[in-house]
2 protein chains.
Amino acid sequence: MILAIAGKRLAAHGIRGLNIKDIAQDAGINHGTLLHHFGSAEGMRTALLTNLTEALIADMSAILNSDAPADTIFVELFRLMSQSGHNKLLAWRALEDAEDSPLTEGPSEKLIQQILDGVTRRIQGRDITLAQNIIFLALSSAVGWGICGPALKQSLGMSRTQQDQFPAWVSEQLPKLIQWTSQTLLDTY
Amino acid sequence: MILAIAGKRLAAHGIRGLNIKDIAQDAGINHGTLLHHFGSAEGMRTALLTNLTEALIADMSAILNSDAPADTIFVELFRLMSQSGHNKLLAWRALEDAEDSPLTEGPSEKLIQQILDGVTRRIQGRDITLAQNIIFLALSSAVGWGICGPALKQSLGMSRTQQDQFPAWVSEQLPKLIQWTSQTLLDTY
DNA sequence: GTTATTGTTCACAAATATGTTAATAGTGAA
DNA sequence: TTCACTATTAACATATTTGTGAACAATAAC
């Protein structure tokens with residue numbers, strides 16, 4: 001409950017919104033209570049960080065485990081990353097985390113492996129490296145889209161609707177990319 | 001000089017590193033001097049924001065105006081975005097800026113238009129929308145790569161060298177994408 | 001009902017960040 | 001030189017954030 005409010009404050013006011021006084025006020029409780037729960041202001045922030053990260057992983061899981069057609073999955077991923085909660089989380093992690101730590105250890109690893117297998121199976125020759133590159137392209141693009149998509153749209157002079165259609169365009173192109181490359185792979189061998 | 005030190009503090013310690021006391025200490029001056037120059041702590045931060053943004057635009061201009069072969073340009077863009085100063089800036093902007101403002105008004109607009117023209121010319125049918133999508137894909141991916149590339153690499157189980165080669169792979173694929181799509185466009189019309 | 005545990009508030013304290021002022025030193029122009 | 005202006009410092013003042021401890025209430029276990 002408190003973390004949900006903190007998350008909204010992060011999305012609305014950035015890191016400066018993450019002080020215990022304001023969060024407690026939004027939650028209608030005394031800031032001492034908040035300290036009692038999380039030990040310290042910093043403890044509250046790390047709790048929020050893991051909480052938001054788990055939420056992101058959960059949302060990604062829901063998309064990837066759904067039985068939606070493959071080409072809508074990319075669209076969903078882009079939509080997911082453009083949600084204020086998630087892209088602010090990624091920006092926050094990028095700013096604060098000095099280390100190159102993976103999002104989480106544990107359940108998400110299995111999830112990623114699962115996607116990797118799925119994509120690899122679709123590639124002639126089952127080129128894992130190619131699959132990794134494709135996924136990397138999709139995810140990094142989705143992240144970049146979420147973080148500075150609107151600004152880029154402005155700079156490129158793209159209309160609102162064109163920006164909205166970009167995810168769909170990407171999800172059309174990526175499978176073609178796989179096929180295209182796999183054909184050249186067949187030529188090579 | 002002061003802003004350069006502030007920029008290093010942003011890259012090293014995140015937003016919490018951007019307080020006038022620590023910055024002044026790093027610069028070897030009194031924090032009153034810093035206030036005298038920038039008017040306020042907030043004034044210093046906005047000065048840093050525009051300064052870093054201009055640096056980013058300048059670096060992009062240098063790459064795009066160089067006479068390097070077209071396929072190395074994407075690689076350079078990715079390398080640029082992975083530099084600590086630039087990706088932290090983008091994360092900062094994403095966190096603090098509520099508005100969907102373009103990076104800058106002014107010189108960069110002409111720059112982007114220039115790229116757009118260049119790419120459009122290479123497309124059969126001169127499909128501007130397609131060019132915009134391609135550029136959007138390249139830039140958003142570069143941004144995402146800069147912001148959480150290492151974390152994604154970990155999660156995908158990619159080797160260090162494979163991650164390093166990803167930009168080169170992208171710059172191979174994107175032109176193919178143009179050609180591929182332009183052929184279907186010819187079929188359509 | 002008593003007890004222990006937990007959650008909560010309040011008043012205050014400590015720490016940190018920001019801003020102010022007066023004094024001083026340099027710098028260039030008249 | 002003298003004057004005006006700018007840069008700089010140090011000490012102080014204010015504001016904001018975080019943390020502490022005692023007191024009190026609620027709750028569940030015994």
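Throughout, protein chains are lettered first and strands after them, A, B, ... in sequence-line order, and every chain is numbered starting at 1. All values below were derived from every heavy atom in this structure, side-chain atoms included, with hydrogens, water molecules and symmetry-related copies excluded.
- OP1 or OP2 of D:dT18 lies within a sub-4.0 Å distance of a side-chain N or O belonging to A:Arg45.
- For C:dT8, neither phosphate oxygen OP1 nor OP2 lies less than 4.0 angstrom from any side-chain nitrogen or oxygen of A:Asn30.
- Between B:Lys21 atom NZ and D:dT14 atom P there is a gap of 17 Å when expressed in whole angstrom units.
- Counting only heavy atoms from C-beta on, A:Leu35 has its side chain closest to D:dT20 among D:dT20, C:dG19, D:dT9.
- Remark: P of C:dA17 and CD1 of A:Ile15 are 14 Å apart, rounded to the nearest angstrom.
- The side chain of B:Ile29 lies closest to D:dT9 when the candidates are D:dT9, C:dT18, D:dT18.
- Residue pairs satisfying the side-chain hydrogen bond (donor to acceptor under 3.5 Å, both in side chains) criterion with at least one member in residues 32-43 of chain A, sequence neighbours excluded, are listed as follows: A:Glu42-A:Arg45, A:Glu42-B:Arg16.
- In this pair, B:Phe166 and B:Trp145 present their aromatic rings parallel. The plane angle is below 30°, not in the 30 to 60° band.
- Linking ILVMFWY side-chain heavy atoms closer than 4.5 Å, directly or via other members, places B:Val75 and B:Ile63 in two distinct hydrophobic clusters.
- Between C:dA17 and B:Asn19, a contact under 4.0 Å exists linking OP1 or OP2 to a side-chain N or O.
- In this entry the distance linking CD1 of A:Ile20 with C1' of D:dG19 reads 7 Å, nearest Å.
- Nearest to the side chain of B:His36, among C:dT18, D:dA7, C:dG19, sits D:dA7.
- For A:His31, the listed nucleotide lying nearest its side chain is D:dT18; candidates were D:dT9, D:dT18, D:dA7.
- Remark: A:Thr33 is in phosphate contact with C:dT9, judged by side-chain N or O atoms under 4.0 Å from OP1 or OP2.
- The distance from atom CG of A:Leu34 to atom P of D:dG19 is 11 Å, rounded to the nearest whole Å.
- Atom CD of A:Gln25 and atom P of C:dT8 are 17 Å apart (whole Å).
- A:Arg126 is listed as a side-chain neighbour of A:Thr120, based on a closest heavy-atom distance under 4.5 Å.
- Counting to the nearest Å, the C1' atom of C:dG19 and the CE atom of B:Met44 are 14 Å from each other.
- Using a 4.0 Å cut-off between charged nitrogen and carboxylate oxygen, A:Asp164 and A:Arg160 count as a salt-bridge pair.
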